Amino acid sequence: MRKKEIIENVPIEHKFVKVKGSTIHYVVTGEGPLLLLVHSWNNDWFGFIPLLKELKGFKIIALDLPGYGKSTDGFKRYSVDVMADVGFGFIITLKIRPKIICGISMGAGIMLDFGARYAHQTDGIVAMGAPVLKDAWVGAKIYEFLMRMGNMNSFTQKVGKKIVSNYHYGHMTAKYLNLHNYTRELVDRYGLNGRSENNAKTLFNMSVSMTKFDAVNALRLASIPTHLVFGKYDKLVDIKKAKLVSKKNKFLTVELIENAGHVVTLEKPKESAETIHNFALRTFKKVRKA
């Protein structure tokens, strides 16, 4: 199915704004406290459609990061900190202050960096599938090697983009890495549709940057309520490490969603929406008391 056919029942307004060197595309829907959504590595805002159908009581902005979706490529290089700076610029340019910022996977990592440096711009962060990577994991080393190969130059980036945007690659990674209960229809509708317009340079710059990102240090620096949400059967992150770090910082909390893998917003959109809603209630209550 095409994107328009999938989102026709979700009232969405498309907008564009110039931020630093890029024209950022974003969508707006709903009413209530402002919630900003930041997408994963090989998707764009469209991957949040299942979550948008479940979230109630928020005004939601979901953006395409530079080089993703309909946002333009306006930077010489991309990294976690560059994308976090773009998020800051986006908020300043629109003159908004999100009550909560929620990121999934790569987006969660970007928002953890954002929270460490721009905490005053929001009341709380929900990081779903945050890239708290396992130490000395052979799979991670292989992945890092392949991404570095893909990021060597514009030619390897274009070749790599064709591979990671391939139909079979999308289903293979969903089945063996990203989802606990693999469903072909789910991947076809939401996991593949969001990656067609992504820029090759952005993809591989960000993949390499994510292998270097120190999520643990970003969590240690958290100074606002930060809720880490993982699928109970997430194969890509170290949930035990995340729990250990959370015990040493009063601003951190951890929640596991049953019967889910890495991309909880696709597998369990209703439960993900409930998690965000409950976090908002707790966070806003604390804000009102302050």
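Values in this document were obtained by computation on a predicted structure and should not be read as measured data. In this chain, numbering begins with 1 at the start of the sequence shown.
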Under 3.5 Å: donor-acceptor pair, side chain of Trp41, backbone of Leu203: yes

How long is the span from the OG1 atom in Thr72 to the CZ atom in Phe16, to the nearest 0.5 Å? 9.5 Å

Lys201 to Tyr78, cation-pi by 6.0 Å centre distance and 45° axis angle: no

Contact check, side chains of Asn181 and Asn259, non-hydrogen atoms, under 4.5 Å: yes

Measure the spacing between CD1 of Ile276 and NZ of Lys56 and express it to the nearest 0.5 Å. 13.5 Å

Candidate list Asp113, Val38, Leu65, test side chain to side chain contact (heavy atoms under 4.5 Å, CB included), partner Met83, passing option: Leu65

Can Asp81 and Arg117 be counted as an ion pair, charged N to O under 4.0 angstrom? no

Is it the case that the side chain of Ser207 and the backbone of Phe204 share a donor-acceptor pair, with hydrogens and angles ignored and the cut-off at 3.5 Å? yes

Please determine if Asp64 and Lys70 form a salt bridge, counting it only when a charged side-chain N lies under 4.0 Å from a carboxylate O. no

Closest contact, heavy atoms only, Leu51 versus Thr265: CD2-CG2, 4.1 Å

Backbone N or O of Ala222 within a donor-acceptor pair of the Thr226 side chain at under 3.5 Å? no

Kindly give the heavy-atom pair with the smallest separation between Gly231 and Val264, and that separation in Å. N-CG1, 3.3 Å

Report yes if some heavy atom in the side chain of Leu37 is under 4.5 Å from a heavy atom in the side chain of Leu35; otherwise report no. yes

Are the aromatic ring centres of Phe48 and His39 under 6.0 angstrom apart? no

Spacing of CZ belonging to Arg189 relative to CZ belonging to Arg184, to within rounding of 0.5 Å: 15.0 Å

Taking it one step at a time, do Glu54 and Lys270 satisfy salt bridge (charged side-chain N to carboxylate O under 4.0 Å, His left out)? CA-CA 6 Å; Glu54 299 291 344; Lys270 182 177 180 179; over 6 Å; no

Would you say the side chain of Ser246 lies within less than 4.5 Å of the side chain of Thr253, judging by non-hydrogen atoms? no

Under 3.5 Å, is there a donor-acceptor pair between the side chain of Asn178 and the main chain of Leu236? no

Check the pair His25, Asp44 against side chain to side chain donor-acceptor pair (under 3.5 Å), reporting the backbone distance first and the verdict last. CA-CA 10 Å; His25 166 253; Asp44 58 17; over 6 Å; no

Are Leu192 and His171 side-chain neighbours, meaning at least one heavy-atom pair lies under 4.5 Å? yes

Would you say Thr93's side chain and Phe90's backbone share a donor-acceptor pair under 3.5 angstrom? no

Walk me through whether His180 and Glu267 qualify under side chain to side chain donor-acceptor pair (under 3.5 Å). CA-CA 8 Å; His180 178 58; Glu267 279 196 283; over 6 Å; no

For the atom pair CE (Met128) and OG (Ser40), what is the distance rounded to the nearest 0.5 Å? 12.5 Å

Looking at Tyr167, I want to see if its OH is surrounded by more than 12 non-hydrogen atoms of other residues, nucleotides or ligands under 6.0 Å. yes

Using every non-hydrogen atom in the two residues, find where Phe75 and Ser22 come nearest and quote the distance to one decimal. CE1-CB, 3.9 Å

Same hydrophobic cluster for Met149 and Val159, using side-chain heavy-atom links shorter than 4.5 Å among ILVMFWY? yes

Answer yes or no: is there a donor N or O on one side and an acceptor on the other, between the side chain of Asp73 and the main chain of Asn199, under 3.5 Å? no

Checking side-chain contact (heavy atoms from CB on, under 4.5 Å) for the pair Ile61/Lys15: CA distance, chi angles, key distance, verdict? CA-CA 10 Å; Ile61 292 178; Lys15 295 186 176 184; over 6 Å; no

Gly124 versus Thr122, closest heavy-atom pair with distance: O-OG1, 3.3 Å

Quick check: does any side chain N or O of Lys161 sit under 3.5 Å from a backbone N or O of Asn198, one acting as donor and the other as acceptor? yes

In this structure, NZ of Lys212 is separated from OG of Ser79 (nearest 0.5 Å) by 9.0 Å

Is the shortest distance from a Lys or Arg side-chain nitrogen in Lys59 or Glu31 to a carboxylate oxygen in the other one below 4.0 Å? no

Between Ile100 and Leu34, is there a side-chain heavy-atom distance shorter than 4.5 Å? no

Can you list the residues that meet the ring pair (Phe, Tyr, Trp, His ring centres under 6.0 Å) rule with Tyr176, with sequence neighbours excluded? none

Student check: side-chain heavy atoms of Glu197 and Tyr68 closer than 4.5 Å: no

So, Thr275 and Glu255: side-chain donor and acceptor under 3.5 Å apart, yes or no? yes

Heavy-atom donor-acceptor pair, Asn278 side chain to Glu274 backbone, under 3.5 Å: yes

Count the heavy atoms belonging to other residues, nucleotides or ligands that lie under 6.0 Å from NZ of Lys243, then report whether that count exceeds 12. no

Sidechain-backbone polar pair: Thr156 side chain, Met152 backbone, donor-acceptor under 3.5 Å: yes

Report yes or no: does Ser165 contribute a side-chain atom to a donor-acceptor pair with the main-chain N or O of Lys162 at less than 3.5 Å? no

Which distance, rounded to the nearest 0.5 Å, do you find between the CG of Leu36 and the CG of Leu63? 5.0 Å

Could you label the plane-to-plane angle of the Phe88 and Tyr118 rings as parallel, tilted or perpendicular, counting under 30° as parallel and over 60° as perpendicular? parallel

Indicate yes or no: at least one non-hydrogen side-chain atom of Ile163 is less than 4.5 angstrom from one of Asn166. no

Contact summary for Lys235 and Lys175, nearest pair of heavy atoms: NZ-O, 4.2 Å

Within the 4.5 Å heavy-atom criterion, are Val126 and Ile101 side-chain neighbours or not? no

